[in-house]
Asks: 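Let me give you the structure first, and then I'll get to my questions.
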Amino acid sequence: MRKLLRYVQLTLRSEPQSPYPIFWAACMTCQEQSPSADDPDAPQLWCLQHAGRTRHEGFRCEITTHWRVFPAEDATQPQALR
């Protein structure tokens with residue numbers, strides 16, 4: 001019986017189908033959340049407006065990115081054991 005073993009070095013890169021990060025914010029006092037957006041301007045504006053309405057001052061900003069694992073560019077082809 002012959003087995004094929006392959007050890008491939010992997011690399012982690014941004015997901016090609018999702019090129020932009022997603023931003024959103026949440027109030028640390030009441031847990032209300034901003035809408036998500038592909039730039040930080042809308043969540044930042046939401047924080048300022050929320051603070052003006054409620055006097056809440058602490059916010060958590062979350063930035064979500066998507067990654068995918070790919071074989072390293074110099075990965076060799078598998079070879080059969082003899």
Side-chain angles (χ1 to χ4, degrees):
M1 176 178 357
R2 298 176 90 187
K3 292 184 180 182
L4 181 65
L5 299 177
R6 184 175 183 191
Y7 298 93
V8 176
Q9 191 165 12
L10 301 174
T11 184
L12 192 60
R13 295 190 298 232
S14 293
E15 168 62 59
Q17 303 300 320
S18 179
Y20 302 106
I22 299 167
F23 298 86
W24 65 274
C27 176
M28 299 296 291
T29 303
C30 70
Q31 307 308 315
E32 191 175 337
Q33 296 180 1
S34 74
S36 59
D38 59 5
D39 67 69
D41 292 346
Q44 288 174 357
L45 179 59
W46 179 88
C47 291
L48 294 170
Q49 291 172 338
H50 184 79
R53 275 192 328 271
T54 63
R55 302 299 234 186
H56 298 166
E57 298 175 343
F59 297 90
R60 181 180 75 242
C61 175
E62 302 251 350
I63 304 169
T64 302
T65 59
H66 301 89
W67 293 343
R68 184 170 294 271
V69 174
F70 294 93
E73 291 181 15
D74 60 346
T76 59
Q77 294 297 316
Q79 297 182 0
L81 290 177
R82 296 168 207 210

Asks: Give me the atom names and distance for the closest heavy-atom approach of Leu10 to Pro71.
Replies: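 In this case the closest contact between Leu10 and Pro71 is CD2-CA, 4.0 Å.
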Asks: Name every donor-acceptor pair, under 3.5 Å, that has one atom in a side chain of residues 48-56 and the other anywhere in the protein, sequence neighbours excluded.
Replies:
| from | atom 1 | to | atom 2 | distance (Å) |
| --- | --- | --- | --- | --- |
| His50 | ND1 | Arg53 | NH2 | 3.3 |
| His50 | NE2 | His56 | ND1 | 3.3 |
| Thr54 | OG1 | His50 | O | 2.6 |
| Thr54 | OG1 | His56 | N | 3.1 |
| Thr54 | OG1 | His56 | ND1 | 3.3 |

Asks: Could you see if Trp67 belongs to whatever hydrophobic cluster contains Val8? Use Ile, Leu, Val, Met, Phe, Trp, Tyr and a side-chain cutoff under 4.5 Å.
Replies: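 Trp67 clusters together with Val8.
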Asks: Looking at every heavy atom in both Pro35 and Pro43, which two are closest together, and how far apart are they?
Replies: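 Closest heavy-atom pair between Pro35 and Pro43: O-CG, 4.1 Å.
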Asks: Take a 6.0 Å sphere around OH of Tyr20 and say whether it holds more than 12 heavy atoms from other residues, nucleotides or ligands.
Replies: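 12 or below, so no.
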Asks: What's the shortest heavy-atom distance between Phe23 and Asp39, and which atoms?
Replies: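 Closest approach of Phe23 to Asp39: CD1-C, 3.5 Å.
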Asks: Would you give the length of the straight line joining atom OG of Ser14 to atom CZ of Arg68, rounded to the nearest 0.5 angstrom?
Replies: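 Reported to 0.5 Å precision, the distance equals 11.5 Å.
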Asks: If you count the non-hydrogen atoms of other residues, nucleotides and ligands that lie under 6.0 Å from CD in Glu32, is the total more than 12?
Replies: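 Atom CD in Glu32 is crowded, with more than 12 foreign heavy atoms closer than 6.0 Å.
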Asks: Report the distance from atom CD1 of Ile63 to atom CD1 of Ile22, rounding to the nearest 0.5 Å.
Replies: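 If I round to the nearest 0.5 Å, the distance is 11.5 Å.
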Asks: Can you list the residues that meet the side-chain contact (heavy atoms from CB on, under 4.5 Å) rule with Glu62, with sequence neighbours excluded?
Replies: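 Listed in chain order: Trp24, Arg60.
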Asks: Quick check: closest heavy atoms across Gln31 and Met28, and the distance to 0.1 Å?
Replies: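 Nearest pair, atom of Gln31 first, then Met28: NE2-O, 3.2 Å.
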Asks: Taking ring pair (Phe, Tyr, Trp, His ring centres under 6.0 Å) as the test, write out the residues that go with His66, two or more places apart.
Replies: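 Per chain and number, His66 pairs via ring pair (Phe, Tyr, Trp, His ring centres under 6.0 Å) with no residue.
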Asks: Sub-3.5 Å donor-acceptor pair from the side chain of Thr11 to the main-chain atoms of Ala72, do we have one?
Replies: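 Between the backbone of Ala72 and the side chain of Thr11 there is no qualifying donor-acceptor contact (under 3.5 Å).
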